[in-house]
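Only one structure is covered here, and it is reproduced in the block below.
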Amino acid sequence: MTTATQGFVDEFDLTGRRALVTGASRGIGRAIAIAFARRGASVLGVARSAESLAETMAAAEDLPGRIEVLVADLRSPDSICEAVETANTRLGGLDILVNNAADDHESRIEDTELSTWQRVLELNLQSCFLLTQAASPYLKADDGGKVINVSSMLGTVAVREDVAYVSAKHGLIGLTRATALEWARKNVQVNALAPGFVETEMLAPSLADPDVAAYMRRLTPAGRIAQPEEIASAAVFLASAGSDFMTGQTLVVDGGYTAQ
Ligand SMILES: NC(=O)c1ccc[n+]([C@@H]2O[C@H](COP(=O)([O-])OP(=O)(O)OC[C@H]3O[C@@H](n4cnc5c(N)ncnc54)[C@H](OP(=O)(O)O)[C@@H]3O)[C@@H](O)[C@H]2O)c1
């Protein structure tokens, strides 16, 4: 879907598109919700914190699109169905699903309890599967759909002592490819986005230690940590008509980390 203005077609325009963005209360999810609204989309942002979601919604007040919010814990399958149904009702349909909500638990494989493994996988992989399944009829209904699975550079390479997170993020790239193949003829593109180090609450404990922060910068060829908006701009591309011939792929935005 594109908009022509004075002969210029903006293939990254999202006017009239309806998006569900999980984990929109802060960090990368908030930046994606705002970037979509800036391009004209209507967004339903989902997370657990009502207060932080309200801040995300307020940030879109003067933008061409709009952000509505829903408080939900995506570890619950019932809440996942509610989120998708709410998006369809409040936005009048659903064209774009961004599976972004996740959390991390760093531990060595020998020290990782089964309950920890299950908890990480439940949010970082299973919820994405259930959201995609629930959104399926709506994404296929109108003028083509998009699924963006926010994986990580740790979905393409591993690090030590982060076994559940690394496994879930690799699994999410598998889910991306499998769904992409099934839906390619339905004009629904399914891609993964793989950020490197980004300055958000998830990374805050590491960045609080100057030695660890310096180490992360050294590991990144660009020599710095990304801002959430730099990931959101890649999400705009994957949500827009500009990526209509791209499916089953992983767009890595990591300052060169995985090029080494
Ligand atoms: N930051 C990085 O360096 C980095 C690097 C690579 C990949 N990523 C990926 O990017 C995505 C966003 O990460 P981020 O850095 O923006 O993390 P973040 O700042 O910790 O944000 C995580 C988001 O997920 C939501 N969330 C957590 N648990 C939830 C639950 N049970 N139900 C609903 N929402 C839940 C949080 O909101 P509430 O707490 O309000 O629920 C928050 O909005 C994740 O998939 C992450 O793995 C991040």
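The number of heavy-atom neighbours closer than 6.0 Å to CG of Asp111, taken from other residues, nucleotides and ligands shown, is above 12. The local environment of NZ in Lys140 is crowded, with over 12 non-hydrogen atoms from other residues, nucleotides or ligands closer than 6.0 Å. Dense packing is recorded around CZ of Arg75, with more than 12 heavy atoms of other residues, nucleotides or ligands lying under 6.0 Å away. Under a cut-off of 6.0 angstrom, the local environment of CZ in Arg177 is sparse, with at most 12 non-hydrogen atoms contributed by other residues, nucleotides or ligands. The environment of CD in Glu51 is sparse: at most 12 heavy-atom neighbours from other residues, nucleotides or ligands sit within 6.0 Å.
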- [ ] Kindly determine whether Arg26 and Ser52 satisfy side chain to side chain donor-acceptor pair (under 3.5 Å), including the steps that lead there.
- [x] CA-CA 7 Å; Arg26 59 174 189 261; Ser52 304; 6.0 Å; no
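Taking the charged nitrogens against the carboxylate oxygens, Glu55 and Arg30 do have a contact shorter than 4.0 Å, which makes a salt bridge. Residues Asp103 and Arg119 are not paired through a salt bridge, judged by the lack of any N-O separation under 4.0 Å between the basic side chain and the carboxylate.
Atoms CD and CD, on Glu199 and Glu229 in that order, are 10.0 Å from each other to the nearest 0.5 Å.
At least one side-chain heavy atom of Val71 sits under 4.5 Å from a side-chain heavy atom of Leu53. Leu44 places a side-chain heavy atom less than 4.5 Å from the side chain of Arg90. Counting only heavy atoms from C-beta outward, the side chains of Leu203 and Ile225 approach each other to under 4.5 Å. Annotation: side chain of Ser136 is not in contact with side chain of Leu139 (no heavy-atom distance under 4.5 Å).
In this structure, Gln249 contributes its side chain and Thr247 its backbone to a donor-acceptor pair below 3.5 Å.
In this structure, the ring-ring contact (aromatic ring centres under 6.0 Å, His included) partners of Phe197, at least two apart in sequence or on a different chain, are Tyr257.
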